Engineer: 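First the structure, then my questions, so here it is.
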Amino acid sequence: MSTYSATPPPRSEKTLIDNADRLAGKTLRQIAYEMGLTVPADQSHAKGWIGELMELCLGATASSRPEPDFQYIGVELKTLPINHIGKPKESTYVCTVPLTVEADISWSGSVVKRKLSRVLWLPVEADASIEFAQRRIGSAFLWSPDAQQETDLRTDWQELMDMIHMGEIDKISSQHGKVLQIRPKAVNARALTKTATATGEPGFTLPRGFYLRTSFTHNLLTMYAG
DNA sequence: CCTTGATCATGC
DNA sequence: GCATGATCAAGG
């Protein structure tokens with residue numbers, strides 16, 4: 001995505017919020033025009049476009065590294081597609097699931113915890129009845145997990161990672177996990193990656209990702225955007 | 001209508 | 001292939 005001018009990386013949360021506030025109420029078409037870009041005709045071939053546009057507008061820097069989008073202030077950016085009744089339309093991708101056994105892996109050292117420790121949530125209209133370019137950005141809010149959310153996330157993460165370390169990745173379905181689930185995250189269903197196995201021999205399985213359930217992000221909306 | 005499993009684009 | 005940004009689309 002090339003553009004006239006990317007925003008400099010924010011050095012404070014206030015700067016980030018101020019920048020996000022200036023996007024609120026604007027349509028994708030307006031924002032794209034200001035950035036010297038064109039809105040894709042078909043979102044099915046540009047699934048991550050809104051997120052990438054918002055990264056440019058807000059000065060995200062992490063690129064494709066497993067680090068927070070705003071490196072100086074340790075904040076992750078997540079767009080949140082909202083349907084016609086104000087609920088999240090899709091689950092939220094968090095990060096890739098590590099499938100090989102690694103030393104000293106713990107919740108406190110996990111990528112899931114790091115990424116979710118501080119998040120700028122940016123609601124975006126996503127109802128099918130609204131033309132893609134006419135969809136508006138909503139009011140962003142900064143979030144950190146409260147005690148209950150942290151417990152739920154840690155419990156799910158631990159349970160899922162325990163299964164992986166036991167070589168049981170192929171027993172994990174998307175129904176595991178109260179708030180955090182594991183689902184495929186691959187180029188297609190034939191993709192393979194190395195995984196731990198019960199015998200300790202290397203195995204191969206479909207690459208997976210951690211996702212937040214829509215019930216979880218809906219709760220965030222009611223807590224912060226209500 | 002919602003969830004699950006599958007998929008699209010991009011940079012290394 | 002892996003990690004980022006996610007949504008699509010079939011079936012329950």
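Chain letters run A, B, ... following the sequence lines, proteins first, then strands; residues in each count from 1. What you see is a predicted model; the values in this text were computed from it and never measured.
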Engineer: Do any side-chain nitrogens or oxygens of A:Tyr93 fall under 4.0 Å of OP1 or OP2 in C:dG5?
Structural biologist: no

Engineer: Are the side chains of A:Leu221 and A:Ile82 in touch, meaning some heavy atoms are under 4.5 Å apart?
Structural biologist: yes

Engineer: Just compare C:dA6, C:dT7, C:dA3 and give me whichever is closest to any side-chain atom of A:Pro66.
Structural biologist: C:dA3

Engineer: Measure CD1/A:Ile50 against C1'/C:dT7 and give the value in whole Å, please.
Structural biologist: 10 Å

Engineer: Can you check the A:Arg208 CZ to C:dC2 P distance for me, whole Å?
Structural biologist: 13 Å

Engineer: Check whether any side-chain heavy atom of A:Leu80 sits under 4.5 Å from a side-chain heavy atom of A:Glu90, and report yes or no.
Structural biologist: no

Engineer: Do the charged groups of A:Asp152 and A:Lys178 touch, with an N to O distance under 4.0 Å?
Structural biologist: yes

Engineer: Pick the closest DNA chain B nucleotide for A:Ala46 and for A:Leu206 by heavy atoms, then say which residue is nearer the 5' end.
Structural biologist: A:Leu206

Engineer: Using 30° and 60° as the class boundaries, would you call the ring planes of A:Tyr224 and A:Phe141 parallel, tilted or perpendicular?
Structural biologist: parallel

Engineer: Please state how far atom CG in A:Leu53 lies from atom P in C:dT7, giving the value in whole angstrom units.
Structural biologist: 13 Å

Engineer: Should A:Tyr93 and A:Thr96 be marked as a side-chain hydrogen bond (donor to acceptor under 3.5 Å, both in side chains) after you check the CA-CA gap, both sets of side-chain angles, and the distance that decides it?
Structural biologist: CA-CA 9 Å; A:Tyr93 170 69; A:Thr96 298; 3.3 Å; yes

Engineer: Set out, line by line, the N/O atom pairs under 3.5 Å between protein and nucleotides 9-12 of chain C.
Structural biologist:
none

Engineer: Please give, in whole Å, the distance from B:dG5 C1' to A:Ile172 CD1?
Structural biologist: 15 Å

Engineer: Checking the side chain of A:Thr15 only, and the main-chain atoms of A:Arg11 only, is there a donor and an acceptor separated by less than 3.5 Å?
Structural biologist: no

Engineer: Name the closest nucleotide to the A:Pro81 side chain, picking from C:dG5, C:dT7, B:dA6.
Structural biologist: C:dT7

Engineer: Hey, does the side chain of A:Thr214 come within less than 4.0 Å of B:dT3's phosphate (OP1/OP2), counting only N and O?
Structural biologist: yes

Engineer: May I ask you to test the A:Met54-A:Lys78 pair for a side-chain heavy-atom distance under 4.5 Å?
Structural biologist: no

Engineer: Which residue, A:Thr92 or A:Val97, contacts DNA chain C at a nucleotide closer to its 5' end, judged by nearest heavy atom?
Structural biologist: A:Val97

Engineer: Strictly below 4.0 Å, N to O, side chains only: are A:Lys14 and A:Asp21 in salt-bridge contact?
Structural biologist: no

Engineer: Does A:Arg65 have any side-chain hydrogen bond (donor to acceptor under 3.5 Å, both in side chains) partners at least two apart in sequence or in another chain, and if so, which?
Structural biologist: none

Engineer: Looking at A:Glu67 and A:Arg114, is any side-chain nitrogen of the basic one under 4.0 Å from a carboxylate oxygen of the acidic one?
Structural biologist: yes

Engineer: Starting at CZ of A:Phe210 and ending at C1' of C:dA6, how long is that distance when rounded to a whole Å?
Structural biologist: 18 Å

Engineer: So which pairs with a foot in residues 180-193 of chain A pass salt bridge (charged side-chain N to carboxylate O under 4.0 Å, His left out), sequence neighbours left out?
Structural biologist: none

Engineer: Could you work out which one of C:dT4, C:dG5, C:dT7 sits closest to the side chain of A:Glu76?
Structural biologist: C:dG5

Engineer: Under a 4.0 Å heavy-atom cut-off, which of residues 122-143 of chain A touch DNA chain B?
Structural biologist: none

Engineer: Respond yes when some side-chain nitrogen or oxygen of A:Thr79 is under 4.0 Å from OP1 or OP2 of C:dA6, and no when none is.
Structural biologist: yes

Engineer: So how far off straight is the helix from B:dC1-C:dG12 to B:dC12-C:dG1, going by the axes through five pairs at either end, to 10°?
Structural biologist: 30°

Engineer: Does the side chain of A:Arg213 come under 3.5 Å of the side chain of A:Ser91 through a donor N or O and an acceptor N or O?
Structural biologist: no

Engineer: Can you tell me how far C1' of C:dT4 sits from NZ of A:Lys115, to the nearest Å?
Structural biologist: 7 Å

Engineer: Check the distance between B:dG5's C1' and A:Gln175's CD and give it to me in whole angstrom.
Structural biologist: 12 Å

Engineer: More 5' along DNA chain C: A:Lys89 or A:Lys78, using each one's nearest nucleotide?
Structural biologist: A:Lys78

Engineer: Is any side-chain nitrogen or oxygen of A:Thr96 closer than 4.0 Å to OP1 or OP2 of C:dT4?
Structural biologist: yes

Engineer: To the nearest Å, how far apart are A:Glu55 CD and C:dT4 C1'?
Structural biologist: 8 Å

Engineer: With the threshold set at under 4.0 Å for non-hydrogen atoms, list the residues of residues 177-203 of chain A touching DNA chain B in residue-number order.
Structural biologist: A:Gln181, A:Arg183, A:Pro184, A:Lys185, A:Ala186, A:Val187, A:Asn188, A:Ala189, A:Arg190

Engineer: side-chain hydrogen bond (donor to acceptor under 3.5 Å, both in side chains), that's the test. Do A:Glu150 and A:Trp107 meet it? Break it down for me.
Structural biologist: CA-CA 10 Å; A:Glu150 169 97 12; A:Trp107 166 247; 2.9 Å; yes

Engineer: Assign A:Tyr211 to base, sugar-phosphate, or nothing according to its heavy-atom contacts below 4.0 angstrom with the strands shown.
Structural biologist: base

Engineer: Any side-chain N or O of A:Lys47 under 4.0 Å from OP1/OP2 of B:dT10?
Structural biologist: no

Engineer: Establish, with yes or no, whether the OP1 or OP2 oxygen of B:dA9 is under 4.0 angstrom from a side-chain nitrogen or oxygen of A:His45.
Structural biologist: yes

